[in-house]
Amino acid sequence: EAKTKSRGSFQAFRPEMQLKSEWTKRMRTDLLAAIGTDQFFLVYQPIMKASDQSIVGVEALLRWHHPDRGIISPTEFIPVAEETGLIIPIGTWALQRACQTARSWPSNIKISVNASIKQFENNNLAGVVRDALTNAGLPPERLKLEVTESVLMTENSVSINTLKEIQNTGVSIILDDFGTGYSSLSYINTFSFDFIKIDKSFISRICRPGDREPIFEAIMGMAQAIRIPVTVEGVETVHQLEYIRGLGCEFVQGYLLAKPMSETDISRVLIYNGGISNYRSDYSESNN
Ligand code: C2E
Ligand code: MG
Ligand code: MG
Ligand code: MG
C-alpha cells in the first residue's frame, strides 16, 4: 500500500504510526537477514562540472531490495542500521562494491561513497578503506569519502585522526549535507576537507528566476574564501543551475542532470557513449 510522507507537518497520533514502529522493529531482524543474501545494491548518480556539465564523478547510493516490501530508501533503513551496528558490515560492503564497480570506469571519474559516523567508532575504517581499494585495484585518488559534520562532533579525536589517516593515503574527504544540523563555521576548521557539498534543502527554496537564498550564498562565499570547491546537490531546475553557476559553484548533482541509475546504466553512460541523454534505463527512480 502507498505511504504518504508528511513533510514537517504536525499530526496527532494515527494508527499508521503504530504500524510504522512495528515495521521499525521488524526492520532490525530483516536487515540482519538481508546481509549476505544479496538484498542490498548500489545506484549511481553522476556529479558534473557546473560550467560544462561534463561528468567528473559518481556518488554511490545504497538501496535495499526487501523481499516483501520492495525497494527501501536509505533514509528509512540507515538510522536502524546505525542503531543496531549493522551499518558496519553494510557500509563495508558498499565501499567494496563501489570500488570494484568504479575500477572499470575511465580513470578521470571519481567514486564517492558515504560513510556513517558509526563506521568511525570502534572500527578500523582506514583499514577497511585501504582493503577495499587494494582488493578492487583502484588507486586511492579515485575514491572520495562523504561524511557529515557529526563525525567532527564526537567527544574524542578518534574520528578526526581516522579521517586524516584516510586522507593521507590519497582519498579525498567531502563534508556532506553542509548547512544542516548543528552546522557551524567552526567545524570547517577542525579538519581540512577537500570538498564541501551543500545540502539540498537550500537550493530547493530557489523556485523562480531572480529568487535568492542568502544563507546559501553565505556558505558559498565562505567556501570560496577558504578555497574549498563546492558541490551543490539536489539541483532540479534550470533556474537553480543558472543561479549556482552565477555564484561560481564548481560541481553540481541533481535530478535535472541525472538521477541515480543502475550499475549497468552508469557503465553505459561512462564507458560506451560518454553522455547521459542517450541510454536505455533498466532501473529508474521516481521523483520523490
Ligand atoms: P546524501 O549522501 O546527501 O545523498 C544525496 C541524496 O539526494 C540521495 O538520496 C539522492 O538520491 C538525492 N538526490 C540527488 N539529486 C536529487 C534531486 O535533484 N532532488 C532530490 N529531491 N533528491 C536528490 P538517497 O539516495 O535517498 O540517500 C539518502 C541518504 O542516505 C544519503 O544522503 C546518505 O546520507 C545516506 N546514504 C545513502 N547511501 C549510503 C551508504 O552507502 N552509506 C551510508 N552511511 N549512508 C548512505
Ligand atoms: Mg552523500
Ligand atoms: Mg548530501
Ligand atoms: Mg543527505
Side-chain angles (χ1 to χ4, degrees), residues 5 7 31 34-35 39-48 57-64 71-99 101-102 110-121 123 125 128-129 132 143-151 172-181 183 193 195-207 219 230-241 244 251-263 266 276 283-288:
K5 263 194 200 156
R7 292 197 180 160
L31 269 175
I35 293 171
Q39 291 178 25
F40 295 108
F41 63 102
L42 294 173
V43 292
Y44 298 87
Q45 186 179 32
I47 299 163
M48 281 87 159
V58 172
E59 182 173 7
L61 296 158
L62 199 55
R63 298 289 180 268
W64 178 16
I71 291 167
I72 301 174
S73 157
T75 54
E76 209 175 324
F77 71 83
I78 294 235
V80 180
E82 286 178 332
E83 176 201 312
T84 53
L86 292 171
I87 191 64
I88 305 236
I90 296 170
T92 300
W93 176 85
L95 256 170
Q96 290 172 342
R97 183 67 189 229
C99 290
T101 304
K110 318 274 188 206
I111 176 79
S112 287
V113 182
N114 294 281
S116 155
I117 170 85
K118 295 285 167 196
Q119 289 171 269
F120 287 82
E121 296 166 4
N123 183 44
L125 186 59
V128 168
V129 169
L143 177 65
K144 296 180 173 186
L145 208 59
E146 300 198 2
V147 300
T148 59
E149 68 205 54
S150 60
V151 166
S172 301
I173 309 292
I174 303 183
L175 179 54
D176 197 2
D177 297 348
F178 189 70
T180 58
S183 213
F193 289 98
F195 297 89
I196 291 174
K197 208 182 252 195
I198 301 181
D199 192 71
K200 56 182 175 293
S201 57
F202 293 98
I203 200 63
S204 69
R205 292 195 280 260
I206 300 294
C207 302
I219 294 172
V230 168
T231 305
V232 176
E233 65 178 12
V235 172
E236 296 182 353
T237 70
V238 173
H239 297 320
Q240 292 170 347
L241 180 62
I244 63 163
F251 304 110
V252 51
Q253 178 178 359
Y255 296 164
L256 173 68
L257 298 174
K259 286 189 174 181
M261 56 184 92
S262 71
E263 201 176 296
I266 193 70
I276 58 159
Y283 172 86
S284 70
E285 300 201 335
S286 59
N287 220 351
N288 54 37

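Counting starts at 1 for both ligands and their atoms, in listed order.
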**Prompt:** Do you know which two heavy atoms are closest between Leu175 and Thr148, and how far apart they sit?
**Reply:**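 Answer, listing the atom of Leu175 first, then Thr148: CD1-C, 4.0 Å.
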Quick one: look at [X] and ligand 1, take heavy-atom pairs under 4.0 Å, and tell me if it's side chain, backbone, both or neither.
X	result
Val43	neither
Asp177	side chain
Asp176	side chain
Lys259	neither
Pro260	side chain

**Prompt:** Is it true that a side-chain atom of Glu76 and a backbone atom of Ser73 form a donor plus acceptor pair closer than 3.5 Å?
**Reply:** no
**Prompt:** Can you tell me if Glu236 uses its side chain to pair, donor with acceptor, with the backbone of Gly254 under 3.5 Å?
**Reply:** no
**Fill in**
Test salt bridge (Lys or Arg N to Asp or Glu O under 4.0 Å), reference Glu59, set Lys110, Lys197, Lys144, Lys259, output is Lys197
Assess [X] for proximity to ligand 1: is some non-hydrogen atom of it under 4.0 Å away?
X	answer
Glu59	yes
Gly91	no
Arg63	yes

**Request:** Please determine if the Mg ion (ligand 3) has an N/O/S atom from Glu146 lying under 2.8 Å away.
**Result:**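 So Glu146 does not bind the Mg ion (ligand 3) by this criterion.
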For [X], take its heavy atoms, then give the atoms of ligand 1 lying under 4.0 Å from any of them.
X	value
Val235	18 (O)
Glu233	3 (O), 5 (C)
Glu236	17 (C), 18 (O), 19 (N), 20 (C), 21 (N)

**Request:** Report yes if some N/O of Gly254 lies less than 3.5 Å from some N/O of ligand 1; otherwise report no.
**Result:**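 The answer is no, given that Gly254 and ligand 1 share no N or O pair closer than 3.5 Å.
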**Message:** Can you confirm, on distance only, whether ligand 1 has an N/O atom lying under 3.5 Å from any N/O atom belonging to Thr75?
**Reply:** no
**Residues forming a side chain to side chain contact (heavy atoms under 4.5 Å, CB included) with Ser204, sequence neighbours excluded** =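 With neighbours one apart ignored, the set is empty.
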**Request:** Report yes or no: does Glu59 have an N/O/S atom closer than 2.8 Å to the Mg ion (ligand 2)?
**Result:**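 So Glu59 does bind the Mg ion (ligand 2) by this criterion.
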**Message:** Regarding Asn114, does it place an N, O or S atom less than 2.8 Å from the Mg ion (ligand 2)?
**Reply:**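 True for Asn114.
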**Prompt:** Do you know which N/O/S atom name in Asp176 is closest to the Mg ion (ligand 3)?
**Reply:** OD1
**Item:** Atom of Asp177 nearest the Mg ion (ligand 3) (restricted to N/O/S, atom name only)
**Value:**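 Minimum-distance N/O/S atom of Asp177 relative to the Mg ion (ligand 3) is OD1.
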**Asked** Listed by chain and number, what are the ring pair (Phe, Tyr, Trp, His ring centres under 6.0 Å) partners of Phe77, not counting sequence neighbours?
**Response**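 Residues passing ring pair (Phe, Tyr, Trp, His ring centres under 6.0 Å) with Phe77: Phe40, Trp64.
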